[in-house]
Number of protein chains: 2
Amino acid sequence: MRRGHGVDWSASGTGMMGEGADLNGPAIRLAIGELAGEFGLTHRTIRHYEDEGLLTPERAGTARVYGHRDRARLALICRGKRLGFSLAEIKDFLNLYDTDDAQIEQMRYMRSLARGRILALEQQLRDVQQTLSELRTIDTQISEHLRRNGITETHGMEEKHS
Amino acid sequence: MRRGHGVDWSASGTGMMGEGADLNGPAIRLAIGELAGEFGLTHRTIRHYEDEGLLTPERAGTARVYGHRDRARLALICRGKRLGFSLAEIKDFLNLYDTDDAQIEQMRYMRSLARGRILALEQQLRDVQQTLSELRTIDTQISEHLRRNGITETHGMEEKHS
DNA sequence: TCGTTCCCTGACGTTTACGTAAAGGTAAGG
DNA sequence: CCTTACCTTTACGTAAACGTCAGGGAACGA
């Protein structure tokens, strides 16, 4: 094993940060490979997200160093992807999550974005529920069909998910 | 008005179908433009779905004629797209819906497909609910923030990138 | 007959979201 | 010192899902 955990195989940068914990808990300093492994992504993908402005890791010399914020954002990115959003959509979606110090008008805009997304997601929720319902019906029907017709070779592999 | 409803502006094809109702209700015979309008799609998109094997309309001469089945499948395609599935995924998804005469092994396979999709959708359902919950929180927080700060400007002066 | 409104088939262009080399820097370990 | 295991940038490639011409046919109304 080359590294216990975290990044230190490069120049320590400006030296302005020692180590240890900040107000948000223990400081996490991850290399790209660690982050990639954790989320099941490639390095390329994570760099791509940076190119698209979704992540803004620090640098230790030339190497990228990811902290809390990046990890959290990446989790949101992954969820957004699972929900079928584009990176562009995810980008301003992410901005909704760190609206600490926005101006009034900016916040109104953010809220309108949030509400638009809420409406879309409510539709999506209905879609998912509808589809799930139909698929469960299909599953049941197939199972019944197999029970009626194919008892000859029913290998008893009935139950599935916990 | 050019056409009351349905298709008739082309050769009547082989003449093997008169008109009227079959067992599934009144026969629907739509032109591509009608279907496109109904679903808010372009002709190109619908033809693309045919290229990909998702739709198999009849022909009246050279023109495409869409019936019940196509309309239903297109609705499922659109929902699939809203859920972020690829056309390829939607394709075998569609096959789950017309498994009338499949063989035993085929049906087992179908059921496994259905179950896989169910698991994915259950995950997606959780994702959507989680995201909705968070967004509603954000909406509320922004609204409260706007109410607290009223019309007076915050003068936060914190820099943010656009 | 002409114009309009439908439709058709190619076939190349575009965007998104990465994949995949190519070429190389850096630090630990044998 | 050299290999190994990380990381870097630059840049062309690709698959999906269409968009966008280009060129053309067939019916209908004035």
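Computed from heavy atoms alone, side chains included, the values below leave out hydrogens, waters and symmetry copies. In what follows, chains carry the letters A, B, and so on, assigned in the order in which the sequence lines appear, proteins first and then strands, with residues in each chain numbered from 1.
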Contact under 4.0 Å: [X] side-chain N or O vs [N] OP1/OP2:
X: Tyr49(B); N: dC18(D); value: yes
X: Thr42(B); N: dC18(D); value: no
X: Lys81(A); N: dA17(C); value: no

>> Using the rule side chain to side chain contact (heavy atoms under 4.5 Å, CB included), only one of Leu87(B), Ile90(B), Asp70(B) pairs with Tyr49(B); which is it?
In response: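 The option that passes is Leu87(B).
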
> Atom NE2 of His43(B) and atom P of dA22(D): how far apart are they, to the nearest Å?
Replying inline: 19 Å

> What integer distance in Å separates Ile32(A):CD1 from dC6(D):P?
Replying inline: 13 Å

>> Donor-acceptor check, side chain of Arg117(B) to backbone of Glu89(B), threshold 3.5 angstrom: yes or no?
In response: yes

>> Quick check on contacts: within residues 83-92 of chain B, what sits under 4.0 Å from DNA chain C by heavy-atom distance?
In response: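 Residues of residues 83-92 of chain B under 4.0 Å from DNA chain C: none.
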
>> Side chains of Tyr66(A) and Glu34(A) only: does a donor on one sit below 3.5 Å from an acceptor on the other?
In response: no

> Looking just at side-chain N and O atoms, do Gln129(A) and Arg126(A) make a donor-acceptor pair shorter than 3.5 Å?
Replying inline: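 Checked: Gln129(A)/Arg126(A) side chains show no N/O donor-acceptor pair below 3.5 Å.
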
> Picking from dC7(C), dG19(D), dC7(D), which would you name as closest to the side chain of Thr45(B)?
Replying inline: dG19(D)

Got a list of protein N/O to nucleotides 9-11 of chain C N/O distances below 3.5 Å?
{"residue": "dT9(C)", "atom": "OP1", "partner": "Arg59(B)", "partner atom": "NH1", "Å": "3.1"}
{"residue": "dT9(C)", "atom": "OP1", "partner": "Arg59(B)", "partner atom": "NH2", "Å": "3.2"}
{"residue": "dT9(C)", "atom": "OP1", "partner": "Arg64(B)", "partner atom": "NH2", "Å": "3.4"}
{"residue": "dT9(C)", "atom": "OP2", "partner": "Arg64(B)", "partner atom": "NH1", "Å": "2.8"}
{"residue": "dT9(C)", "atom": "OP2", "partner": "Arg64(B)", "partner atom": "NH2", "Å": "2.7"}

